[in-house]
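Lettering of chains follows the sequences in order, A, B, ..., and the numbering in each one begins at 1.
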There are 2 protein chains.
Amino acid sequence: METLSRKQEIIVVASRLFKERGYNAVSMRDIAQEMGIKAASLYNHISGKQELLSTLILEVAREFTFGMNRVVKEEVSSIEKITQVIELHIDITVNFSEGLAALNNDWMHLEATDLEGFVKMREDYEENFRIILKQGIEAGEIQSHHPEVMLFSILSTLRTLYVWYQKRGKLDVNLLKKDMVAVLLHGIVPPK
Amino acid sequence: METLSRKQEIIVVASRLFKERGYNAVSMRDIAQEMGIKAASLYNHISGKQELLSTLILEVAREFTFGMNRVVKEEVSSIEKITQVIELHIDITVNFSEGLAALNNDWMHLEATDLEGFVKMREDYEENFRIILKQGIEAGEIQSHHPEVMLFSILSTLRTLYVWYQKRGKLDVNLLKKDMVAVLLHGIVPPK
DNA sequence: AATTCTAACTAACAAGCGTTAGTTTTGTGT
DNA sequence: ACACAAAACTAACGCTTGTTAGTTAGAATT
């Protein structure tokens, strides 16, 4: 078990509070109290509240971008790529669940270049997903109707996963992957 | 076209700002400025900021509860019930998209009895959905594996719909209903 | 014409915000 | 024992927050 630096400890505490109450409802004094120190002392380790947010969000966003770029390059079927994207989301959910909450709920409170960078990454990610779907349709692997609805449905499910994952108390990751792939690819109605 | 009371006008303005920035990032002065008056003047019409939030959220929450209770009572197949729930969500998304944003993002900033009431309604709603799925499984209309994943996937998609609905610029509602039902029930892979 | 109502205003309050400056304590290596 | 750095402290800053009190202008009602 690696020991966390004081700065990392602060980020962990902040991410927990951000997840529970949202960025704007958490004060520096709240974070300090949770760590057993005074608010001013936080500034020995971090440059400000904004750094906490951008550190959390951008770390996770880069993880998504990196993972998606890896999947796109693979030489496999579209179905397999979508499967890998689903698994990517689940892995990130398990490993970065606190940061994911900030990314989903508080990204609009990023400032300047951080905000621009995040929006760009998000758009690119979505566009890559869209291309994968399109290729799958052309190859006949995926239904040709309403591709935008599919894209939106899958992404919505994956993005909300972090809420459920902890409420249900740490499900088995590999089983969850299998189930999610099954439901998202084949729906809920049994084949005739 | 019915004319809005001053109070209703305030609620409309507030809901728009809440959706864009979140409850805590919007001040009473922001709302007042958007209406062309001073913050103190708002208090001639409303009791406080909290009233704006609870009015918005509870109105939508009651709409969900009412709609779900109606669907549950119907004497139709489970598949048909799920279809109706999907349509219910889409109707509410179209008619209450601003309040829906507050409900999704800022419900935790409700206070006391409003918060309790909301959580209760949400749990009941989810439980009703779970029961519908269960009945469908018992009747053989729905796949028997991973019912919790199905529930979570469908609900996630429906709850996030309001974000997409306006980004895509007012799609045709009936077409959207058809497409959503198709994707959520049958997935994205064509039948063999 | 006098009164009441509506909806705005100005001014101010106490509390909380993020952050800075300067100081003191604590722990570590020489 | 001494020096140095890390990490805490106290005190305060300027600003914003939600909200209240008291007042005023105009419209509607009597």
Where is the tightest heavy-atom contact between [X] and [Y], given as atom of each residue plus distance?
| X | Y | result |
| --- | --- | --- |
| M180(B) | T157(B) | CE-CG2, 4.0 Å |
| V72(B) | K81(B) | O-NZ, 3.6 Å |
| I57(A) | W107(A) | CD1-CA, 3.7 Å |
| R6(B) | H45(B) | CG-CE1, 3.5 Å |
| I137(B) | P147(B) | CD1-CB, 3.8 Å |

Inset, instruction - Could you tell me whether K178(B) atom NZ has more than 12 heavy atoms of other residues or ligands within 6.0 Å of it? - result: no
Inset, instruction - Run the salt-bridge test on E127(A) and R130(A) with the 4.0 Å N-O cut-off and return the result as yes or no. - result: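 Looking at R130(A) together with E127(A), the answer is yes, because their closest N to O distance falls below 4.0 Å.
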Legend entry - Test item: E80(B) side-chain N/O and S77(B) main-chain N/O as donor-acceptor pair under 3.5 Å: no
Legend entry - Upstream residue (5' side of DNA chain C) when I37(B) and M28(A) are each assigned their closest nucleotide: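 Per heavy-atom nearest nucleotide, the more 5' residue is I37(B).
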Inset, instruction - Determine the contact category for R29(A): base if any of its heavy atoms lies under 4.0 Å from a base atom, sugar-phosphate if only primed atoms, P, OP1 or OP2 are that close, otherwise nothing. - result: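 It contacts base atoms.
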Inset, instruction - Name every residue in residues 10-27 of chain A that has at least one heavy atom under 4.0 Å from any atom of DNA chain C, in order of residue number, or write none if there are no such residues. - result: V26(A), S27(A)
Legend entry - Minimum-distance nucleotide (side-chain atoms of R6(A) versus dA7(D), dA8(C), dT10(D)): dA7(D)
Legend entry - Most 5' of L42(A) and Q50(B) on DNA chain D, judged by nearest nucleotide: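 The residue whose closest nucleotide sits nearer the 5' end is L42(A).
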Calculate the interatomic distance between [X] atom [atom1] and [N] atom [atom2]; express it in whole Å.
| X | N | atom1 | atom2 | answer |
| --- | --- | --- | --- | --- |
| Q8(B) | dA7(C) | CD | P | 12 Å |
| Y43(B) | dT10(C) | OH | P | 17 Å |
| I46(B) | dT20(D) | CD1 | C1' | 14 Å |

Legend entry - Below 4.0 Å: OP1/OP2 of dT6(C) and any side-chain N or O of H45(B): no
Inset, instruction - Examine dG18(C): is either OP1 or OP2 under 4.0 Å from a nitrogen or oxygen in the side chain of K49(A)? Give yes or no. - result: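 Answer is yes, contact under 4.0 Å.
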Inset, instruction - Side-chain contact test, heavy atoms from C-beta onward, threshold under 4.5 Å: evaluate it for I154(B) versus H89(B) and give yes or no. - result: no
Can you pull every protein N or O that's under 3.5 Å from an N or O on nucleotides 21-27 of chain C?
none

